[in-house]
Amino acid sequence: MSLIEASGLSRAFPLPRRTMFERPRTAPALHPTDLTIEEGASVGVIGESGSGKSTLVRLLLGLDRPTAGVVRIDGREVDATASARSLHWLRRWTGLVFQDPYASLDPRMTAGQSIAEPLWALGVPGDHRARVREVLEQVGLDAEMADRHPHEFSGGQRQRIAIARAIAHRPRILVGDEPLSALDVTARAQVLELLERLRHEEGLTLIMVSHDIGVVQNLADTVLVMKDGRIVERGRTDAVLRHPSEDYTRALLAAIPVIPEP
């Protein structure tokens, strides 16, 4: 069943006028795009910086207003111009993990307070303290760590807290915007394994934006390749990465560093 549908979705940003007589100009960040994501799917979005990956994700999550087109989640239209309260249903359905785990957590708040914030902000019923302890253990941290502040954790632990915060309200869709790029190799492998496990345990639909093709290869069933605001190739991850049909995809794959055999 289709969970996310985008039709004719585009986004253009106004450019400053060079003279007072110049006509208004815009720079397209996303050209008209159609996209369907099935419930329970794991989708990777790859491309170089400026290719439109983050713009596409922001539009799907209702964090930005499209220039044209429409997004529907489970058949319900996403209106990015609606009030924050009117979009509570969308926030309940979605969780977002950002690139930098330190910047995404308020240094003045404890881990427990950060994880509980979406629960009270969205009016989720139940024992919030118990839910915080539950998700901390679910992401591989001790429940007692809820009283610590972000600076007391390693980078990998902070990203686990960010993931716990993103799933605390039990969303159906989890989006990662370069969630592993700020971590060292060991932490990346551990968080990658965690995301894969959570996807199956929670029945999540996963959307992963990444420059790292290795991350997408291990986590995503389907991949979208973006260039200059367009999806230039899409399909099963193994098929696209083994037998790319576009020169741009081949160039991305060729840019992966390879350690030569001795």
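Nothing fancy with the numbering, it's 1 onward along the sequence. Just so we're clear, the structure is a prediction, and the values are computed from it rather than from any experiment.
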Would you indicate whether R199, at its atom CZ, is surrounded by more than 12 heavy atoms from other residues, nucleotides or ligands within a distance under 6.0 Å? yes
Would you indicate whether the side-chain heavy atoms of Y248 and E48 approach each other to under 4.5 Å? yes
Checking the side chain of T55 only, and the main-chain atoms of K53 only, is there a donor and an acceptor separated by less than 3.5 Å? no
Show me the side-chain donor-acceptor pairs of residues 132-140 shorter than 3.5 Å, one per line, residues at least two apart or across chains.
from: E134; atom 1: OE1; to: R131; atom 2: NH1; distance (Å): 3.2
from: E134; atom 1: OE2; to: R131; atom 2: NH1; distance (Å): 3.4
from: Q138; atom 1: NE2; to: E202; atom 2: OE2; distance (Å): 2.5

If you apply the rule side-chain contact (heavy atoms from CB on, under 4.5 Å), what do you find for H211 with I46, and how did you get there? CA-CA 6 Å; H211 285 90; I46 62 175; over 6 Å; no
Mind checking whether V70 and L9 sit in one hydrophobic cluster, side chains of I, L, V, M, F, W, Y counted as touching below 4.5 Å? no
In terms of hydrophobic clustering (I, L, V, M, F, W, Y; side-chain heavy atoms under 4.5 Å; direct or indirect links), are L119 and I167 co-clustered? no
Considering only heavy atoms from C-beta outward, does the side chain of L195 approach that of L174 to under 4.5 Å? yes
Determine whether V71 and L63 fall in the same hydrophobic cluster, where Ile, Leu, Val, Met, Phe, Trp and Tyr are linked whenever their side-chain heavy atoms lie under 4.5 Å apart. yes
D74 side-chain N/O to L3 backbone N/O, donor-acceptor pair under 3.5 Å: no
Indicate the atoms forming the closest heavy-atom contact of A187 with G156, along with that distance. CB-CA, 4.0 Å
Flag, side chain of R250 to backbone of P244, donor-acceptor distance under 3.5 Å: yes
Using the six-membered ring wherever Trp is involved, compare the ring planes of W93 and W89 and label them parallel, tilted or perpendicular (cut-offs 30° and 60°). perpendicular
Side-chain donor/acceptor of R72 to backbone N/O of A6, under 3.5 Å: no
If I take atom OG1 from residue T110 and atom CZ from residue R148, how far apart are they, to the nearest 0.5 angstrom? 12.0 Å
Charged N to carboxylate O under 4.0 angstrom, D106 versus R108? yes
Please name the pair of heavy atoms, one in A164 and one in I115, separated by the smallest distance, quoted to 0.1 Å. CB-CD1, 3.9 Å
Side-chain touch V223/Q217, heavy atoms, less than 4.5 angstrom: no
Short side-chain to backbone donor-acceptor contact, S10 and H31, under 3.5 Å: no
Decide if atom CZ of R65 counts as having more than 12 heavy atoms of other residues, nucleotides or ligands within a radius under 6.0 Å. no
Between the CD1 atom in I213 and the CG atom in L253, the distance rounded to the nearest 0.5 Å is 4.5 Å
Within-4.5 Å side-chain heavy-atom neighbours: L60 and V175: no
E233 side chain to E246 main-chain N or O, any donor-acceptor pair under 3.5 Å? yes
Return the set of residues passing salt bridge (charged side-chain N to carboxylate O under 4.0 Å, His left out) with R160 (not counting sequence neighbours), or none when no residue passes. none
Roughly how far, to the nearest 0.5 Å, is the CG atom of L56 from the CZ atom of R11? 13.0 Å
What closest approach, in Å, do G62 and A80 show between heavy atoms, and which atom pair accounts for it? O-CB, 4.0 Å
Main-chain N/O of A12 paired with T67 side-chain donor or acceptor, under 3.5 Å: yes
So M145 and I161, do their side chains get closer than 4.5 Å, heavy atoms only? no
Taking the side chain as everything from C-beta on, heavy atoms only, tell me whether V225 gets closer than 4.5 Å to R234. no
Which pair of non-hydrogen atoms, one from T26 and one from P28, has the smallest distance, and what is that distance? O-CD, 3.9 Å
Would you confirm whether S2, through its side chain, and T36, through its main-chain N or O, come within 3.5 Å as a donor-acceptor pair? no
Could you tell me whether a side-chain N or O of R165 sits under 3.5 Å from a main-chain N or O of S114, the two making a donor and an acceptor? yes
Within the 4.5 Å heavy-atom criterion, are I163 and L194 side-chain neighbours or not? yes
Measure the shortest side-chain to side-chain distance between L30 and M226 over non-hydrogen atoms and say whether it is less than 4.5 angstrom. yes
Within the side chain of E196, is there an N or O that forms a donor-acceptor pair under 3.5 Å with the backbone of V191? no
In terms of heavy-atom contacts, V97 and P179 come closest through CG1-CB, 3.9 Å
Roughly how far apart are L61 CG and I4 CD1, rounded to 0.5 Å? 7.5 Å
Mark yes when over 12 heavy atoms from residues, nucleotides or ligands other than E77 sit less than 6.0 Å from its CD; otherwise mark no. yes
Between L87 and D79, what is the shortest heavy-atom contact and its length? CD2-O, 3.6 Å
Kindly compute the distance separating CG (L90) from CD1 (I173), expressed to the nearest 0.5 Å. 7.5 Å
How many angstroms lie between atom NE2 of H243 and atom OG1 of T249, to the nearest 0.5 angstrom? 13.5 Å
